[in-house]
Amino acid sequence: MADADYESVLCVKPEVHVYRIPPRASNRGYRAAEWQLDQPAWSGRLRVTARGNAAFIKLEDRTTGELFAQAPVEQFPGIAVESVVDSSRYFVLCIEDGSGRRAFIGVGFADRGDAFDFNVALQDHFKWVKQQSEFAKQAQNPDPGPKLDLGFKEGQTIKINIANIKKKEGAPPAKPRPLSAGPSLLPPPPGSKTPIQHSTPQPAANAGNLSELRGVA
C-alpha cells in the first residue's frame with residue numbers, strides 16, 4: 001500500500017548522546033547514573049519517523065546524515081524504548097542491524113525539553129495507530145443501534161378523542177344566501193353610457209278610472 005511505503009518525520013533533535021550500558025541486573029529498571037555519562041560512545045542527531053503503524057528511531061551523523069543505528073518501535077511503551085528510573089532525559093533503546101541481531105544502548109538528551117518532545121512524538125503516533133484500528137473495526141462491524149419497536153405491547157391501549165368529529169358530522173347544512181330584491185340593471189344599448197333600469201310592472205287601472213280619463217279627454 002502507498003501509505004505503508006510513505007515515511008513521515010515525527011521529531012528531529014540535533015544533539016543526543018549514546019552510552020554503553022551494563023546488563024540489567026534485576027527487574028528494578030535501568031539507572032542512568034551507572035552509565036559513565038561523561039564518556040558518551042557517540043554523539044549525533046536523532047530522528048523519529050513513521051511508516052505505516054511502525055515508528056523508527058534513527059541515530060544519524062548530524063553533518064552527513066549517515067545512519068549510525070536504528071530502533072524499530074512496534075508499540076510504545078514497550079521493549080524498544082524504556083525510560084530510566086532516575087532521570088527524564090535518558091532512555092534505553094533496542095537497536096537492530098537489519099539481520100535480526102539486537103543490542104541495548106543508552107541515549108541521553110542534553111536538554112530536558114528535547115526529551116519531552118521525543119516522548120510525546122512516540123505517544124501521539126501510537127495514539128493515532130490505536131484510533132485507526134478502532135475505526136477499522138467499526139467499519140467492518142457497524143453498530144446498527146437499538147431497534148425501534150412500534151408494535152403494541154400486551155395490554156397496551158390508545159385513546160382517540162372523537163367528540164369534535166361527532167360535532168362536525170351532526171351540524172346542520174349551511175343556508176343558501178338570499179338574492180337581492182332591489183332592481184337590476186340591464187346593460188346599456190350600443191352607443192349609450194347610461195344603463196337602463198328594469199322596473200317592476202305596475203297593476204293596470206280599473207274600468208272606472210279609464211272612464212274618468214276618457215270623459216276628461
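Residues take their numbers from the sequence shown, with the count starting at 1. It should be emphasised that the depicted structure is a prediction, and the values quoted were computed from it without experimental measurement.
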Trainee: Identify the heavy atoms of Ser43 and His17 that sit nearest to each other, and give their distance.
Mentor: OG-ND1, 2.7 Å

Trainee: For Val107 and Phe118, run side chain to side chain contact (heavy atoms under 4.5 Å, CB included): C-alpha distance rounded to whole Å, both residues' side-chain angles, the deciding distance at 0.1 Å, then the answer.
Mentor: CA-CA 11 Å; Val107 171; Phe118 166 74; over 6 Å; no

Trainee: Are Gln36 and Asp38 close enough that some pair of their side-chain heavy atoms sits under 4.5 Å apart?
Mentor: yes

Trainee: Any side-chain heavy atom of Leu122 sitting closer than 4.5 Å to one from Ile57?
Mentor: yes

Trainee: When rounded to the nearest 0.5 angstrom, what is the spacing between CD1 in Ile95 and NZ in Lys58?
Mentor: 14.5 Å

Trainee: Using modelled atom types and a 3.5 Å cut-off, is there a donor and acceptor pairing between side-chain atoms of His125 and backbone atoms of Asn53?
Mentor: yes

Trainee: What are the two closest heavy atoms between Gln123 and Phe76, and how far apart are they?
Mentor: CG-CE2, 3.6 Å

Trainee: Just say parallel, tilted or perpendicular for the rings of Phe91 and Phe109, cut-offs at 30° and 60°.
Mentor: perpendicular

Trainee: Take Arg31 and Val84 through the test side chain to side chain contact (heavy atoms under 4.5 Å, CB included) and record every step on the way to the result.
Mentor: CA-CA 5 Å; Arg31 298 179 61 87; Val84 299; 6.0 Å; no

Trainee: List the atom of Glu82, the atom of Gly78, and the distance in Å for their closest heavy-atom pair.
Mentor: CG-O, 3.7 Å

Trainee: Give the C-alpha distance, both sets of side-chain angles, the deciding distance and a yes or no for side chain to side chain contact (heavy atoms under 4.5 Å, CB included) between Leu46 and Asp114.
Mentor: CA-CA 10 Å; Leu46 178 144; Asp114 289 345; over 6 Å; no

Trainee: Looking only at non-hydrogen atoms, find the nearest pair between Leu10 and Ala50 and report the distance.
Mentor: CD1-CB, 3.8 Å

Trainee: Heavy-atom count around Arg102 CZ within 6.0 Å, excluding the residue itself: above 12?
Mentor: no

Trainee: Can you tell me how far apart CD (Gln70) and CD (Glu60) are? Round to the nearest 0.5 Å.
Mentor: 9.0 Å

Trainee: If every non-hydrogen atom of Ile79 is compared with every non-hydrogen atom of Phe104, which pair is closest and at what distance?
Mentor: O-CE2, 4.1 Å

Trainee: Give a yes or no on whether Arg24 atom CZ has more than 12 heavy-atom contacts from other residues, nucleotides or ligands under 6.0 Å away.
Mentor: yes

Trainee: Do you know the tightest heavy-atom contact between Cys11 and Ala121?
Mentor: CB-CB, 3.8 Å

Trainee: Val81 and Leu93: side chain to side chain contact (heavy atoms under 4.5 Å, CB included), yes or no, with the steps?
Mentor: CA-CA 5 Å; Val81 185; Leu93 304 183; 4.0 Å; yes

Trainee: Should we say atom CG of Leu67 is surrounded by more than 12 heavy atoms from elsewhere, each under 6.0 Å from it?
Mentor: yes

Trainee: Would you find more than 12 non-hydrogen atoms of other residues, nucleotides or ligands less than 6.0 Å from Glu66 atom CD?
Mentor: no

Trainee: Glu7 vs Arg47, test: salt bridge (Lys or Arg N to Asp or Glu O under 4.0 Å). Steps then yes/no.
Mentor: CA-CA 12 Å; Glu7 186 174 58; Arg47 283 199 310 141; 5.1 Å; no

